[in-house]
Protein chains: 2
Amino acid sequence: MATPRYLEIKQQLLDEINGKPVNSPIASERELAIRFDASRMTVRNAVNELVEEGVLYRDKNKGTFVADRKLIKKNLTSELLQEHDAMDFSVIYFSVKKAEEMAPYLEIKETDYMLRVVRVNKINHRPLSVEEVYFIRSLVSDDEINHLKELLNLNSYIEQGTVTQRFHPMIVPAQYANQLKIKITTPIIMAESTIRSKNGKPLVYIKTFYNPFEKTIEITS
Amino acid sequence: MATPRYLEIKQQLLDEINGKPVNSPIASERELAIRFDASRMTVRNAVNELVEEGVLYRDKNKGTFVADRKLIKKNLTSELLQEHDAMDFSVIYFSVKKAEEMAPYLEIKETDYMLRVVRVNKINHRPLSVEEVYFIRSLVSDDEINHLKELLNLNSYIEQGTVTQRFHPMIVPAQYANQLKIKITTPIIMAESTIRSKNGKPLVYIKTFYNPFEKTIEITS
DNA sequence: CAGTGGTCTAGACCACGCT
DNA sequence: GCGTGGTCTAGACCACTGG
C-alpha cells in the first residue's frame, strides 16, 4: 500500500474537477466505486476529504457538485507558509538570548534560552510583512541553526501542530515602517501566532507585522 | 433512525472527555465498538468528527487522546454569531435602498434593492463592535423584515453557507468612534464578511468595525 | 419508481510502536 | 507478539428527491 487507494481516487477526482464548471455534478458514489473498482466507502472517503476542503459540496438526495473556487477553505495558517512560489525573505536580525518577557508565550522559564529571528517577507521585491520568529532554543539543534533558511520554513511545525492566531490593530512600529516602505502613521494589523504540538506545548511564537498595501488577510471557512 | 448512532456516541464521548485530563487516552476504537455495541466504522465516524473539531487527536499506532482546550478549532465565523449568551445588540439604523456601490459585493444590479442594517453589538453593555449588515432585498420576506432581531441572528445563513472574511486595518471612522466609546484616532480592524450559499451566490455582506479594547480576533486551525 | 447521499455492519489486512 | 489507528470490502437499509 504505497499510497492509499482513496488518495489516488481523490487526486484523480481533483484532476477531473479542474475541467468542470462550477455547480456541475460529479458521478454518484456508486458509479465512482464501479469506475475505480473500489468499494463505495473507499470512494466516499476520497469525496469526504474534498468536501471537507471545500472543493465539492453535497446536496442530500441529489448529488455531489463542484464548488465555487471562491469557497475553497483557507485557514490563515497558510499566511505563515510560503504559499507563493515568488515569495522570499531576508533575515535582518538573529540572536540567541534569554526568554525574559517572551517566556510566557513559549511557556518556558525566563532564564531559558530562545532563538529570535527577524525577517522581511517579500514578493517580487515588495515587502509583505516583517516577522519576528521565536524558537525554544532547546528544541532546535545546532545544525538547524546553521540552516536558518530551512528552519524558517515552518511547514514541518505547522503540519504536525495546531496554530492559534490573534490579530491586533496598531500604528506601524517606527523601526518597521522603513522595512515595509510605508509611512510611520500607517495603521496595520499585527498577528500573534503560536504553533503548538498536539499535546498543547508551544513550539514557535511569531509576531507578524503586515503591510496593508501588499497583503490582505483573508480566511474562508 | 431518529438521531444517528454515531452522533449519540459522539455526544457520549464528549461528555466523558469533559472529566478527563488533557493528553489522557480514550479507549481504543475496538473497545468502544464493543462498549457501544456498534461496528468499529461507526465508532470511528464519531471519533473522526471530534478529531476534526480539535477535541481529540490521534497518534498513529498509539491511540487517541484528549486535546488541550486551547487547541479546539475556532473559525472566525463564530465572531459573527452571538456566541456569548451575554451578547446583545441594538439596531441604530435601518433602510431599504438601491444597492449602488454595494452591488458588486452582493453580485446584484446597482438598481436592485438591498436591506441595510447598522447595529452595535454589546456585551455587558460594553460596545464590542459596530456592524453594517447588507441583505439582498429579494431574498428577504416582508415578514422577516418585521422580525429584524431574528433576521440578524445570522446562524441560519452561516450554517448552510460558506463565510469569507477579509481584515483591514484603519483608523476608526469618526461616526463610529462614539458608538464604540473609543478615541477618534484609535487604530482598529474592520472585517468584511461575505456569506455565500453552496452554489457561490452571495447571501449577506457585512462590515464589522471591532473595538480593539473589548474584542480580540482569534482563530485556531 | 429509481437514484442519491447518510448510515451501518462484520469482518479483513497493513505498518508501526512498545514491551 | 500484541495493540493501535489507517485502510478497505461487499454488502445492507433509510429518507428523501424528482420524474
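A note on names: the letters A, B, ... follow the listed sequences, proteins ahead of strands, and every chain is numbered from 1.
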Lys/Arg N to Asp/Glu carboxylate O, A:Arg40 vs A:Glu31, below 4.0 Å: no

Measure distances between side-chain N and O atoms of B:Arg40 and base N and O atoms of D:dG6, and say whether any donor-acceptor pair falls under 3.5 Å. yes

May I have the distance from B:Leu50 (atom CG) to D:dG5 (atom P), rounded to whole angstrom? 14 Å

Report yes if at least one side-chain N or O of B:Thr64 is closer than 4.0 Å to OP1 or OP2 of D:dG5; otherwise report no. yes

For residues B:Gln12 and B:Glu8, is any side-chain donor paired with an opposing acceptor at under 3.5 Å? no

Assuming nearest nucleotide by heavy-atom distance, tell me which of A:Asn45 and A:Lys60 is located more 5' along DNA chain D. A:Asn45

Write down the distance between CG (B:Asp37) and P (C:dT9), rounded to a whole number of angstrom. 8 Å

Looking at A:Lys62, I'd like to know whether one of its side-chain N or O atoms comes within less than 4.0 Å of OP1 or OP2 on D:dG18. yes

Phosphate OP1/OP2 of D:dT7 contacted by A:Thr42 side-chain N/O (<4.0 Å): no

Taking atom types as modelled and ignoring hydrogens, do the side chains of B:Asp15 and B:Gln11 form a donor-acceptor contact shorter than 3.5 angstrom? yes

Once you round it to whole Å, what is the distance between P of D:dT9 and OH of A:Tyr6? 13 Å

N or O in side chain of A:Arg44 less than 4.0 angstrom from C:dG6 OP1/OP2: yes

Between D:dG11 (P) and A:Glu29 (CD): distance, integer Å: 17 Å

Using atom NZ of A:Lys10 as one end and atom P of D:dT7 as the other, report the distance to the nearest whole Å. 11 Å

Rounded to whole Å, how long is the line connecting atom CZ of A:Arg5 with atom C1' of D:dC8? 11 Å

Using whole Å, what does the distance between atom P of nucleotide C:dT7 and atom CD of B:Glu49 come to? 8 Å

Can A:Glu53 and A:Lys73 be counted as an ion pair, charged N to O under 4.0 angstrom? no

Does A:Ser28 make a side-chain N or O approach to OP1 or OP2 of C:dT4 shorter than 4.0 Å? yes

OP1 or OP2 of D:dG6 less than 4.0 angstrom from a side-chain nitrogen or oxygen of B:Arg58, does that happen here? yes

In terms of side-chain geometry, is the basic nitrogen of B:Glu16 or B:Arg35 positioned less than 4.0 Å from the acidic oxygen of its partner? yes

From CE of A:Met41 over to P of C:dG5, roughly how many Å is that when rounded to an integer? 14 Å

